[in-house]
Amino acid sequence: MPETNDRREQRLEKLGRLHELGIDPYPPRAEHSHTVAQALAAFDANASQPTQVTVVGRLVSLRVMGGSTFCHIADGTGRIQLYLRRDAVGQEDYENFRRLIDLGDHVWATGTLFQTRSGEITVNTSAWRMLSKALRPLPDKWHGLRDVEMRYRQRYLDLIANPTARDIFITRSKIVSAIRHTLDGWGFMEVETPVLQPIYGGAAARPFTTHHNALDQTFYLRIADELYLKRLIVGGLDRVYEIGHNFRNEGISTHHNPEFTVVELYQAYADYEVIMRLVETLYSTVARTVLGTETLSYQGQEIQLTPPWRRVTMRDAILEASGIDIELVRTLPELCTAAESRGLSLASQPNWGKAVEKLFELTVEPSLVQPTFVIDYPVDISPLAKKKPGAPHLVERFEFFIGGLECGNAFTELNDPIDQRERFAAQVAAGAQGDSEAHPMDEDYIAAMEHGMPPTGGLGFGIDRMVMLYTDQVSIREVILFPALRDRGGDWQEAEDSPQEPRS
RNA sequence: GAGCCGUUAGCUCAGAGGUAGAGCCCCUGCCUUUUAAGCAGGUUGUCGCGGGUUCGAUCCCCGCACGGCUCACCA
């Protein structure tokens, strides 16, 4: 038997032994009669004949006791115990099992169901086969996989070892499915728009830049779907949505991943009031569908998603939290002075709108635990939203907040092409002043709008943050299967490999 | 980008200025209803990397790398 200590070496030796015995360690098929869950359900203590089952799965525990062995196998539906006796399996196959099997291997087993002395439903195995030999060991059976970096880099190990991780991603899948089902039921049509865009836009963010060789042209990875979806509204697709990734070349944190999943939707002949009702209904419906309740528990706080949600203007929210009435300090210097007198510095902000937004973030945002629509934003930070009648310094826009997290953004869409051109021009000017997140001019988009765009309500919200709320997670990395991490050069794991590794 | 903390066996972690430990894993033997199986025995480390102080550094000092958390920017 193996002389070496290296676990992978030992397993490679067992693999060689299997080949010598004429056993294929990676057979192509895994015929079975029951999933693990089905096998457990098929047991009947009162049956006159024991039930015959053939099951397949990964070996996750092993207790060899001389001529008798207990182990558990697991498939995606659960785990079941196998009982192998030398007498029942036969001398040769039993010894092969003892000598050649390791935790992590996938196996096939057939036998009859019975209950052990302690009552566990178990397969009294009459024959077994190797389905897939594992060359590396599973995570530690006691501690599981705790190393955070390894959990993210080798997510498959996390999924094997940590049921919580598995549950989060199952829930995530159900959330996305429930969103689709709900929107489809409301007459929305799912579409796909370009990820590679010649002009990025639809949000205030820095893009990733790439290059198309044949066209010899610069492309940007989209920072938002918005401008393409609104072209579809012009084209007469009255209710559209897209679920996809946006890419923003900015910092990475527990709340930010460079690529993240967003739902954007647009509804013709609607406004932001309609969208508010849509949001609260969608969030509560998804919660009921996926979690069975409209009440979330997030970081020890109870959050009630049942409509209607609280609505507050940005002006009132800031007034309440800081005592500053932004309508009374309508220039940047005045606002800075007012904030200064309350110990808040807005000095680095380039204009009144951004200063208002900053003031809001500092004084209001963390306190918005229960779902809240904050409405009516400054026009200079909202170049794609329609101005509020009678208050041209504001737009019909809202963001909504749950659990202190900013969850989404929506507005009555700007459909006046003359106004849109002026807004873009102001953004271009801001860009020239050094605002790296300013919106570029998009003539093609304005041309679409000049063909006539109906009054429209639009919405964007992040799936990742929604999943964080619904699964009670603080870090966005816990809800993204493979979060962005610094590259380790690709050979970081090969160092432990044996040089004589057979590569075929 | 800034601050704090961390990096010791395959895993989870202790450790002291004098050359490294525990439990589990793994290996060998016994064991035909076990389930963190048990019993007996055994192997495993450039103590993250590079300098410095010292007779001697894994331990003290400096720098670097990587990671985690917090803050800043952002969804």
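- Side-chain proximity of A:S475 to the nucleotides B:rC69, B:rC66, B:rC31 is greatest for B:rC69.
- A donor-acceptor contact under 3.5 Å links the side chain of A:Q81 to the base of B:rU34.
- Contact of A:R63 with B:rU34 (side chain to base): a donor-acceptor pair of N or O atoms is detected under 3.5 Å.
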For a side-chain hydrogen bond (donor to acceptor under 3.5 Å, both in side chains) check, start with the C-alpha distance between A:Y200 and A:D442, then their side-chain angles and the critical distance, and finish with the verdict. CA-CA 9 Å; A:Y200 61 92; A:D442 191 338; over 6 Å; no
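- Across all strands shown, A:T116 has heavy atoms under 4.0 Å from base atoms, whether or not it also approaches the sugar-phosphate.
- One C1' atom belongs to B:rC26, the other to B:rU44, and the distance between them is 9 Å to the nearest Å.
- Counting distance only, with no hydrogens placed and no angle test, the side-chain atoms of A:S68 and the base atoms of B:rU33 include no donor-acceptor pair under 3.5 Å.
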Please list, pair by pair, any protein nitrogen or oxygen found under 3.5 Å from a nitrogen or oxygen in nucleotides 70-73 of chain B.
from	atom 1	to	atom 2	distance (Å)
B:rC73	OP1	A:K358	NZ	2.1
B:rC73	OP2	A:K358	NZ	3.0

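- Under 3.5 Å, the side chains of A:Q81 and A:T122 contain a donor-acceptor pair of N or O atoms.
- Donor-acceptor pairing under 3.5 Å is lacking for the side chains of A:Q52 and A:T112.
- Among the protein residues, A:D87 comes within range of the nucleic acid bases, having at least one heavy atom under 4.0 Å from a base atom.
- For RNA chain B, runs of at least 3 consecutive pairs of the Watson-Crick or G-U wobble type, with both hydrogen-bonding distances under 3.5 angstrom, map to B:1-7 with B:65-71, B:10-13 with B:21-24, B:26-30 with B:38-42, B:48-52 with B:60-64.
- Distance from the side chain of A:R99 is smallest for B:rG29 among the nucleotides B:rG29, B:rU34, B:rU32.
- Proximity of A:I160 to A:R58: side-chain heavy atoms (C-beta onward) are separated by under 4.5 Å at one or more points.
- A salt bridge links A:E190 with A:R180: the distance from a Lys NZ or Arg NE/NH1/NH2 to an Asp or Glu carboxylate oxygen falls below 4.0 Å.
- Across all strands, A:N257 comes closer than 4.0 Å to base atoms (heavy-atom distances).
- A:Y266 and A:E264 are linked by a side-chain donor-acceptor pair at a separation below 3.5 angstrom, with hydrogens and angles left out of the test.
- When the nucleotides B:rC31, B:rG67, B:rU34 are ranked by their closest atom to the side chain of A:R117, B:rU34 comes out on top.
- Within the nucleic acid shown, A:F461 has no heavy atom closer than 4.0 Å to any nucleic acid atom.
- Contact check on A:E20 versus A:R17 returns a salt bridge, with a Lys/Arg side-chain nitrogen under 4.0 Å from an Asp/Glu carboxylate oxygen.
- Counting only heavy atoms from C-beta on, A:R477 has its side chain closest to B:rC69 among B:rC69, B:rU32, B:rU33.
- A cation-pi geometry, defined here as NZ or CZ lying under 6.0 Å from the six-membered ring centre and within 45° of its normal, does not hold between A:R155 and A:F482.
- Across the interface with RNA chain B, nearest-nucleotide mapping of A:F70 and A:A204 shows A:F70 to be the residue nearer the 5′ end.
- Listed nucleotides B:rC27, B:rG67, B:rU34 differ in distance to A:K14; the shortest reach to its side chain belongs to B:rC27.
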